[in-house]
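A note on names: the letters A, B, ... follow the listed sequences, proteins ahead of strands, and every chain is numbered from 1.
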There are 2 protein chains.
Amino acid sequence: MNELNERDQKVLDAVISGYLKSGDPVGSRTVSKNYGGKVSSATIRNVMADLEEMGLLQQPHTSAGRIPTDRGLRLYLDSIIQLEQLDQKQRQLIRGAYEQTSGAIEDLLRRTSKVLSVFCRQAGVVLWPKFEATVFKHIEFIRLTPRQIMVILISKSGLVEHSVIDWGEVISQETLDKYSDQVNELLKDLPLGEVKARILKQMKDAKATFDQLFTKTLNIAQQALQTTLDNSNIYIEGQTNLLNSPEFSDVGRMRKLLQAFEDKSRLIRLLDTALNPGGRVQIILGSESEVRELEEVSLISSTYSRGETALGVLGVIGPLRMDYSRIIPIVDFTARSLSNLLAEERN
Amino acid sequence: MNELNERDQKVLDAVISGYLKSGDPVGSRTVSKNYGGKVSSATIRNVMADLEEMGLLQQPHTSAGRIPTDRGLRLYLDSIIQLEQLDQKQRQLIRGAYEQTSGAIEDLLRRTSKVLSVFCRQAGVVLWPKFEATVFKHIEFIRLTPRQIMVILISKSGLVEHSVIDWGEVISQETLDKYSDQVNELLKDLPLGEVKARILKQMKDAKATFDQLFTKTLNIAQQALQTTLDNSNIYIEGQTNLLNSPEFSDVGRMRKLLQAFEDKSRLIRLLDTALNPGGRVQIILGSESEVRELEEVSLISSTYSRGETALGVLGVIGPLRMDYSRIIPIVDFTARSLSNLLAEERN
DNA sequence: TTTAGCACTCAAGCCAACGGAGTGCTAACC
DNA sequence: GGTTAGCACTCCGTTGGCTTGAGTGCTAAA
């Protein structure tokens, strides 16, 4: 691909930013004006034809102005993604939004997605922290019915997951209590990613000493852990903000989009790909993802973490045509804020 | 209001059921035909004019057919609500849908709303069981940070709620453990609705005996309980089914509706009003509710329970124009199924 | 290489005409 | 007196032609 000279670049930028603002195709006259009138529209037309040939711009139909192709948009985004700082006032507002949050981590995350949706006027999403990235705190077995055991797993960061295990035989609460202390001791301060291995190792040892009941307890813990690790979750707020974009005033598109939102597993997959430790803001255009239904949206995301460990992803989903330069700093700042809050609170 | 004679009734039914099927206003000729040709369209026109005068039918404009008013629809619904049995095949299918559910009650509820949405082709909703209607099983205090305590509350039916309490002073895990047994003993088998009173009473006694730490523990329990009781939740599945109805192909209406769905508190309020112990299927037209945004939908609901205690509400939300006679038996049967499952599992 | 000019294209808005569904009313009918 | 046929009238939705305006590509001159 040919390099773009300065003028090409400028025209491309003008077309794209014009399009992002108005949503309408941008014509040569408009560009010429914004260019300061130094070049005539005819010249611009030539440049635009070149850019079209390069696959960066396209025409919805002859006699319409140009809009960017996905490739063109990508190029543009890469060039603006080195982010500006968010201005002081906005920062204050975002910090303020966190003030009355309760200690529960769920509240924190839900609040975050709300913040994102409100400040960016798009859909805000927060991917639930990866359980395996957190540290074991406590496990509790409760005998719900003679053959059903509820297992509650708590991580140091305050994540709680519970699941119910159908157990083949009757087991008493006393037995469960007896061993739960041992399991708690065994797993103390272990990253959840390593818990499984530890349990399995221990199960072997227990078998060797013929401690059947302990083996059983471990088994239960093991099962519960599996369900927990398989669980993923996501908070979405402000989906209806998307309805305000003219690109989704078409009912068909709209429906397609909302259907994609309804099946969260696809969204989770998408956000998962955006999880990169230590990363700054990242933009994924729908066409670049593997989720066909999300073709017409774009995800501006950032990773949040505690200390060095990347926990999850948060971000904003909106139409391809968004005010990226406004939203990018917000996402960035929100991710930092959340990371800070997580770091401060639990030690 | 004048009584309707048989013919009036028949015409009303014909108009409404025709309208429910097609969505278009129904004209006199159509009714005359469906009537078996025994009466001419002119006669029908006279009857229809009468019904309009009574406020049961209305015309979108002169020279259009008639559609029911809300009052007319209400009358019609009241007459058909004595429900038919669901046919054997559908029953099988619904039962089948529950087969692979895990023991966790959350799964059960989510599955239920899924079932409703799929079988009725509308949005399925399930209101989270009222915590105060369930029975205390277990409480657990976990010291998350020196000043933060996580309280986990479990009901006999397997509901789990947790909250984090910021505690003014440092409290050790040992202290918490020491008293949690006492609290558990104290609240054993108590309906959650009565727990609060019991705790308060006990706090007085503890104060009298100067058992400060116990008072504190009770205080924590008390706080956690409050948050828990305030919590209400709701599962919604298949919102996008609503988008298929032609009445919501208008983007404005659509938006209004989805916004109402996004703020769950309003939905919860609506469903709450439908909670009536021992009740059969109930229909609430949007115009009859206090939620303005839900004007154009209708809720077909039923109460699910365990034994004698009404736990929550489930149902279907769809446009005013729905296939009520098909959906009513489904909602009814689903409510029974869920109640049965809840009764069977936990004893 | 840039620019002015011109012919051409296409979407979108406007308007008038038309067809169809349905009504209300009147006068005849049983 | 209730019922029906007939008729004039109303109103919506669709169709199709027409116009307008934004924008293009090409050509020829600067």
Side-chain angles (χ1 to χ4, degrees), chain A residues 2-12 14-16 18-19 21-69 72 246-247 249-250, chain B residues 2-12 14-16 18-19 21-69 72 246-247 249-250:
Chain A
N2 312 9
E3 282 303 300
L4 298 179
N5 65 34
E6 197 187 340
R7 191 170 67 188
D8 294 348
Q9 185 69 51
K10 260 183 150 175
V11 171
L12 182 64
V15 171
I16 297 186
Y19 169 72
K21 277 208 191 82
S22 71
D24 297 323
V26 178
S28 53
R29 238 177 74 86
T30 319
V31 175
S32 161
K33 271 192 209 149
N34 294 357
Y35 206 82
K38 284 183 200 152
V39 216
S40 84
S41 65
T43 314
I44 302 289
R45 276 205 288 284
N46 289 330
V47 177
M48 278 161 92
D50 292 347
L51 290 170
E52 181 160 0
E53 212 172 326
M54 287 186 233
L56 301 175
L57 293 181
Q58 68 188 102
Q59 278 181 296
H61 56 266
T62 0
S63 95
R66 302 301 208 291
I67 61 175
T69 62
E247 25 268 276
S249 60
D250 176 88
Chain B
N2 312 11
E3 282 302 302
L4 298 179
N5 65 33
E6 197 188 341
R7 190 170 67 188
D8 294 350
Q9 186 68 51
K10 259 183 151 176
V11 170
L12 183 63
V15 170
I16 299 187
Y19 170 71
K21 277 207 191 83
S22 72
D24 297 322
V26 179
S28 54
R29 237 177 74 84
T30 321
V31 175
S32 160
K33 272 191 213 152
N34 294 356
Y35 206 81
K38 283 183 201 153
V39 217
S40 83
S41 63
T43 313
I44 302 288
R45 277 204 288 284
N46 289 330
V47 177
M48 280 160 92
D50 292 345
L51 290 170
E52 180 159 1
E53 212 172 326
M54 288 185 228
L56 301 176
L57 293 182
Q58 68 188 101
Q59 278 181 295
H61 56 264
T62 358
S63 95
R66 303 299 207 292
I67 61 175
T69 62
E247 26 266 279
S249 61
D250 177 90

Spacing of A/Asp24 atom CG relative to D/dG21 atom P, expressed in whole Å: 17 Å

A/His61 NE2 - C/dC8 P separation (whole Å): 19 Å

Residue B/Thr62, side-chain heavy atoms: nucleotide from D/dC11, D/dT4, C/dT3 that is nearest: D/dC11

Could you give the side-chain donor-acceptor pairs of residues 37-47 of chain B under 3.5 Å, partners two or more places apart or in another chain?
residue: B/Ser40; atom: OG; partner: B/Ala42; partner atom: N; Å: 3.2
residue: B/Ser40; atom: OG; partner: B/Thr43; partner atom: N; Å: 3.4
residue: B/Ser40; atom: OG; partner: B/Thr43; partner atom: OG1; Å: 3.3
residue: B/Arg45; atom: NH1; partner: B/Ser28; partner atom: OG; Å: 3.2

Between P of D/dG2 and CG of B/Asp8, the distance in whole Å: 13 Å

Rounded distance in Å - CD1 (B/Ile44) to P (D/dG2): 16 Å

Atom-to-atom span, NZ of A/Lys33 to C1' of D/dG23 - whole angstrom: 13 Å

N/O (side chain, A/Ser40) to phosphate O (OP1/OP2, C/dT2) under 4.0 Å: no

Short side-chain N/O contact to C/dT2 OP1/OP2 from A/Thr43, under 4.0 Å: no

Whole-Å distance separating the CG atom of B/Asn46 from the P atom of D/dT3: 8 Å

Per-nucleotide protein contact string for nucleotides 15-22 of chain C, where B marks a base within reach and S marks sugar-phosphate only (heavy atoms under 4.0 Å, - for neither): ------BS

Any side-chain heavy-atom pair of B/Gln59 and B/Ile67 under 4.5 Å: no

Atom-pair distance (NZ on A/Lys38; C1' on C/dT3), nearest Å: 17 Å

Donor-acceptor contact present, side-chain A/Thr69 to main-chain A/Gly55, <3.5 Å: yes

Closest contact, heavy atoms only, B/Gly18 versus B/Val26: C-CG2, 3.8 Å

Whole-Å gap separating C1' (D/dT24) and CD (A/Gln58): 16 Å

Qualifying residue for side chain to side chain contact (heavy atoms under 4.5 Å, CB included) with B/Pro68, from B/Ile16, B/Leu51, B/Leu56: B/Ile16

Heavy-atom side-chain contact between B/Arg66 and B/Tyr19 under 4.5 Å: no

Heavy-atom side-chain contact between A/Leu12 and A/Leu4 under 4.5 Å: yes

